[in-house]
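Here the structure comes first, spelled out in structure tokens, and everything after it is commentary.
Since the model is a prediction, treat every value here as computed from it, not as a measurement.
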Amino acid sequence: MVDAAVGFQCPECVREGNRDVRVGRTLAGGVVHRDPVLLTKILVGINVGVYALQVLSNGAVDQRFQMVGFSVAVNGDYYRLLSAAFLHVSITHLLFNMVALWVVGSEVERRLGRWRYLTVYLVSALAGSVFSYAVDSVFIPSVGASGAVFGLFGALFVLALKLRFDVRGIIALIVINVVIGFIPGMNINWRAHFGGLIAGALLTAAMVYAPQRNRLAISIAASAAIVAVCVGTTVWRSDQVRGCSNFELRTDHCGFLMPTATTDQPASDQTVTPTLTPL
């Protein structure tokens with residue numbers, strides 16, 4: 001028997017009664033938890049912890065896990081497409097991203113639920129890195145959570161539309177952050193911002209606008225579709241880079257991919273000192 005407000009109840013009776021209690025659901029169909037922003041706290045903690053490791057490792061963590069397109073293509077370091085989203089250039093870079101993650105991420109997690117929120121975060125981070133990989137020089141490394149954070153910006157915009165909120169403030173916030181990425185001298189990877197923004201908005205739209213009875217299946221299918229596009233783009237770009245580095249391709253585009261390459265030495269044999277680009 002277990003204590004009850006009046007007298008006692010048998011455990012079987014309590015379990016039977018709980019079956020009839022409806023579980024609260026978020027706008028996207030996720031479960032409402034007692035701590036609705038737990039994952040946001042965890043993500044902030046992970047980013048801060050990884051930055052501490054960066055400082056203590058004296059650059060070793062950066063070299064191993066930052067996003068470098070050439071290492072992805074030639075060495076098969078595909079994990080860099082995601083690991084870079086947990087690294088930061090400086091304490092200021094970390095602070096700006098974590099404040100944005102806390103403010104925007106908390107609102108998105110409350111309305112999507114934990115697992116949908118985590119999916120949007122990770123898929124946006126991946127899409128940001130892949131879009132940057134597809135269009136940038138492969139010798140320019142980049143790090144930062146901004147691709148994932150911009151995915152949350154896109155998610156918040158879609159949620160505001162769904163709830164019929166005034167979206168002008170969100171649009172202004174997105175525009176301001178986009179414009180900052182083009183300020184000369186700041187060296188911000190706006191391509192990763194754009195890729196994350198689009199992925200986050202599309203995935204959230206699939207989650208909240210799908211018919212309720214098919215919402216989970218459509219959410220999974222949308223996630224798989226975006227990841228598939230990322231994989232296809234990565235394979236295509238990697239083939240390009242390997243072709244240029246081995247002199248199997250001789251196109252004008254190879255000059256952009258390999259700006260430091262000489263005419264008589266493969267790029268894989270050359271020493272490159274790139275400039276780190278914050279996401």
- Same cluster or not: are F131 and V229 linked, directly or through other Ile, Leu, Val, Met, Phe, Trp or Tyr residues, by side-chain heavy atoms under 4.5 angstrom apart? no

- Task: Any chance you could lay out the side-chain contact (heavy atoms from CB on, under 4.5 Å) test for R110 and V37, step after step, and finish with the verdict?
- Result: CA-CA 6 Å; R110 292 177 191 275; V37 296; 4.0 Å; yes

- Message: Using a 3.5 Å distance criterion without hydrogens, assess whether the side chain of Q54 forms a donor-acceptor pair with backbone atoms of H88.
- Response: yes

- Task: Any chance you could measure I46, atom CD1, to K41, atom NZ, to the nearest 0.5 Å?
- Result: 14.5 Å

- Indicate if V89 and V50 have the same hydrophobic cluster label, given that clusters are the connected sets of ILVMFWY residues with side-chain heavy-atom separations under 4.5 angstrom. yes

- Measure the CG-CD1 distance between L203 and I226 for me, rounded to the nearest 0.5 Å. 4.5 Å

- Note on the structure: In short, R80 meets Q66 closest at the heavy-atom pair NH1-O, 2.8 Å

- Query: If we only count heavy atoms from C-beta on, is the Y209 to V158 side-chain gap below 4.5 Å?
  - Reply: yes

- Correct closest heavy-atom pair for H93 and G144 would be CE1-CA, 3.7 Å

- Would you say F153 and I170 make side-chain contact, with heavy atoms under 4.5 Å? no

- Message: Has S57 got a side-chain atom pairing as donor or acceptor with V61's backbone, closer than 3.5 angstrom?
- Response: yes

- Query: Any side-chain heavy atom of V167 within less than 4.5 Å of one from L161?
  - Reply: yes

- Is F86 reachable from V149 through a run of I, L, V, M, F, W or Y residues, each pair having side-chain heavy atoms under 4.5 Å apart? yes

- Say whether R237 and Q240, considering side chains only, have a donor N or O and an acceptor N or O under 3.5 Å apart. yes

- Task: State the OG-CG distance between S83 and L87, to the nearest 0.5 angstrom.
- Result: 6.0 Å

- Task: Please report the shortest heavy-atom distance between L82 and L122, naming the atom on each side.
- Result: CD1-O, 3.7 Å

- Query: For the hydrophobic clusters of this structure (ILVMFWY residues joined by side-chain heavy atoms under 4.5 Å, transitively), does one cluster hold both V120 and I218?
  - Reply: no

- If you take all heavy atoms of S219 and A206, which pair is closest and at what distance? OG-O, 4.2 Å

- Over all atoms of both residues, closest heavy-atom pair of V123 and A199: O-CB, 4.4 Å

- Message: I want to check something: taking the side chain as every heavy atom from C-beta on, are Y121 and R116 in contact at a cut-off of under 4.5 Å?
- Response: no

- Query: Are L216 and I220 close enough that some pair of their side-chain heavy atoms sits under 4.5 Å apart?
  - Reply: yes

- Query: Under 6.0 Å between ring centres, would you say that holds for F150 and H193?
  - Reply: yes

- Item | Spacing of S132 atom OG and M67 atom CE [to the nearest 0.5 Å] | 6.0 Å

- For S146 and N97 the tightest heavy-atom approach is OG-OD1, 2.8 Å

- Hey, does R111 have a side-chain heavy atom less than 4.5 Å from the side chain of L163? yes

- Y117 and T40: side-chain donor and acceptor closer than 3.5 Å? yes

- How about L112 and L159: do any of their side-chain heavy atoms sit closer than 4.5 Å? yes

- With rounding to the nearest 0.5 Å, note down the distance linking OH in Y51 to CG in L56. 10.5 Å

- Query: Would a hydrophobic clustering, with Ile, Leu, Val, Met, Phe, Trp and Tyr connected at side-chain separations under 4.5 Å, put V108 with L118?
  - Reply: yes

- Enter the distance from L95:CG to N47:CG here, rounded to the nearest 0.5 Å. 12.0 Å

- Query: Is a side-chain donor or acceptor of D166 paired with a backbone partner of R168 at a separation under 3.5 angstrom?
  - Reply: yes

- Item | Residue pair Y133 / S238, side-chain donor-acceptor N/O under 3.5 Å | yes

- Item | Set of residues satisfying side chain to side chain contact (heavy atoms under 4.5 Å, CB included) with respect to R114, sequence neighbours excluded | H33, D35, L38, L39, E109

- Just wondering, do V68 and V138 contact through their side chains at under 4.5 Å, heavy atoms? no

